[in-house]
Amino acid sequence: MSDLEILEAAKAAVIAADEDAATKVARQAVAQGLDALKVINEGFTPGMREVGDLFERGTMFLPEVILASEAMVAAVGVLEESLPDKKKDGHVASIVLGTIEGDVHDIGKGILATLMRVYGFQVHDLGRDVPLTSFLEKVKQTGAGLVGSSALMTTTMVGQKALEKMLKDAGVRDQVKTMVGGAVVTQYWADRIGADAYAENAQEAVAKALELVGHDR
Amino acid sequence: MVSYPTRMGDGHPISMTRDQLMADIIAGSEHAADRGDIPTLDEGECDHLLGLFMNPARVVGVQPGNEIVLSHDIGTLHLTGDQANSGVGIPLSRVQAIQVHERAFAADTMELAHTDYSWKPVKPIIAMEQQELENALLSTIVPLFYGAMPNLGLYYAPDGPLGNPSDLLPKGKIKEALEAQELAVEQAVRDMVYCCGKIAEVGGDGINLDTTGAAGDADFKAALLAIEELKSKHPSTAIQVGMAGEFVLGLHGSLEYNGVRLAGLYPHQQVKLVEQAGGDIFGPVVNTDTGKSMAWNLSRAVTFVKACSEAAAIPIHVNLGMGVGGAPLFETPPIDSVSRATVAMVEIARVDGL
């Protein structure tokens with residue numbers, strides 16, 4: 001296979017969520033002496049980006065996205081072996097994520113947790129109905145640079161405002177970027193409470209998070 | 001340059017020029033067409049929408065002869081629920097609130113519903129709900145529905161016995177997540193058929209399976225299977241199906257109904273399956289993007305719903321309110337926006353009801 005064919009095969013394997021094919025391409029790339037970073041950046045990563053786009057357009061679904069992610073992780077594992085300086089902890093950033101106390105809606109937040117893992121974030125998912133103090137404790141414990149809170153109801157979105165204050169009072173607000181989302185949450189609300197970002201959906205949230213931590217998508 | 005007052009999708013007042021309005025109308029329609037693989041609005045329809053936004057009246061209405069019927073979801077909570085329940089907190093019994101809808105608000109149909117608004121918690125109190133429905137039926141004339149959500153979320157931990165796909169999927173436990181959803185379908189169908197059967201027994205005029213698909217494609221599948229079984233047992237009971245969103249979330253991804261994959265279906269495709277199952281009224285949903293103008297959102301919503309109306313052989317009652325159907329995402333959406341969305345849905349999307 002030519003170099004270009006290998007890059008194309010890497011991309012196709014991720015889009016097809018085919019772990020066997022992805023690791024086979026990775027091994028072939030190593031055998032042919034290709035630059036591992038080039039294969040990751042120009043083969044597997046564009047494949048994963050397309051998976052994200054297909055998810056956003058509703059033609060690829062959550063279980064398939066996870067399988068695609070697993071295919072990429074397996075392939076990258078093979079390629080990493082050939083890197084002279086192995087970079088084992090490849091997390092883009094760390095995020096504490098949860099649905100505000102009193103709110104049991106967690107489907108959207110769950111999708112976001114999955115997508116963020118797919119894009120290389122270390123996700124500390126606190127789940128749903130999360131007391132505000134738990135967000136703070138987790139931030140202190142992990143040193144996460146991002147805090148994402150979700151609220152589906154107008155009665156619980158006020159918790160996002162209280163969370164901003166709690167982070168400020170605890171002296172950690174300057175160390176983190178905050179993101180808010182959920183069905184009733186808007187950019188106006190994010191601006192009003194002083195959150196760093198608002199996202200309309202999970203895909204946009206990933207893009208905004210990458211922007212906040214200074215990574216290109 | 002003259003500008004016209006309108007709103008953003010979050011309800012904020014803004015002003016836009018004629019050209020800006022038209023640009024957003026075209027862009028919104030193209031967005032829907034691209035996503036749903038459906039036609040855009042034609043020039044005349046875009047002009048009609050533009051006319052609504054340039055109309056100086058605060059409230060607009062349909063032309064005589066274009067009036068449509070209204071059906072209601074969430075029952076009487078608009079009156080009896082407090083603000084936390086999207087209501088106005090008036091202390092009325094549910095039967096009194098139904099009577100107010102009929103006699104004071106001229107409601108064409110009405111719905112009885114329990115505060116929990118999901119079939120699973122209704123099951124243990126169904127005898128009380130039957131009694132309340134019977135009282136309402138004996139003191140009103142309008143067709144009365146009983147409504148609740150399939151809400152598969154209540155079958156997953158911590159509310160139910162099955163593993164929660166929202167927890168399992170991010171952990172990569174795909175097989176477990178899929179199995180939990182398949183089991184939830186079975187349990188939800190059993191609960192819905194049981195409860196709806198009891199409603200039919202006391203003479204309820206109809207059933208509303210509302211916010212269908214809220215927990216993804218399994219939620220939609222449960223509703224379709226329940227409709228099928230209910231129609232075979234209670235053919236004279238009308239079944240209305242209201243959706244949760246414009247698009248069926250693929251939390252499972254592989255579930256099918258009559259050979260059609262459910263994940264990713266848009267309103268014009270959803271309605272065909274509801275018809276096949278035996279549904280009598282379909283309530284499509286199109287979500288509002290709060291970061292876009294109302295012109296963009298309404299044009300997008302009308303494009304989707306028009307395609308749905310054209311595909312449908314059953315009446316379409318579009319969901320129109322807080323954050324859906326082109327209306328801003330606002331607890332009580334402003335009347336200028338709601339009335340414009342209403343006219344557009346009737347005169348362009350050709351809906352049969354709201």
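Order of the sequence lines sets the chain letters (A, B, ...), proteins ahead of strands, with each chain counted from 1.
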Is it the backbone or the side chain of [X] that comes under 4.5 Å from a heavy atom of chain B, or both, or neither?
X: A/R57; answer: both
X: A/L115; answer: neither
X: A/F55; answer: neither

Looking at A/V65, A/T155, A/T154, A/V104, which one has more heavy-atom pairs under 4.5 Å with chain B than the rest?
A/T154
As an exercise: rank A/G58, A/P63, A/A113 by heavy-atom pairs under 4.5 Å with chain B and give me the winner.
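Looking at each option in turn, the highest pair count goes to A/P63.
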A/Q187 and B/T290: side-chain donor and acceptor closer than 3.5 Å?
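No, B/T290 and A/Q187 have no side-chain donor paired with an acceptor closer than 3.5 Å.
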How about A/S94 and A/H124: does a side-chain donor come under 3.5 Å of a side-chain acceptor?
yes
Check this for me: does any side-chain nitrogen of one of [X] and [Y] sit under 4.0 Å from a carboxylate oxygen of the other?
X: B/K120; Y: B/D191; answer: no
X: B/E179; Y: B/K175; answer: yes
X: B/R261; Y: B/D217; answer: no
X: A/E200; Y: B/K292; answer: no
X: A/R173; Y: A/D196; answer: yes
X: B/R35; Y: B/D289; answer: no
X: A/K24; Y: A/D20; answer: no

One option among B/G153, B/A263, B/G253, B/G264 has the most heavy-atom pairs under 4.5 Å with chain A, and it is B/A263
If you count heavy-atom pairs under 4.5 Å between each of B/A215, B/G250, B/G172 and chain A, which one has the most?
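Highest number of pairs under 4.5 Å: B/G250.
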[X] portion near chain A, given a 4.5 angstrom heavy-atom threshold:
X: B/N287; value: neither
X: B/H252; value: backbone
X: B/P165; value: neither
X: B/L265; value: neither
X: B/T288; value: backbone
X: B/M8; value: neither
X: B/I174; value: side chain
X: B/Y266; value: side chain

Going through the checks in order, is the side-chain contact (heavy atoms from CB on, under 4.5 Å) test met by A/V78 and A/V25?
CA-CA 10 Å; A/V78 171; A/V25 173; over 6 Å; no
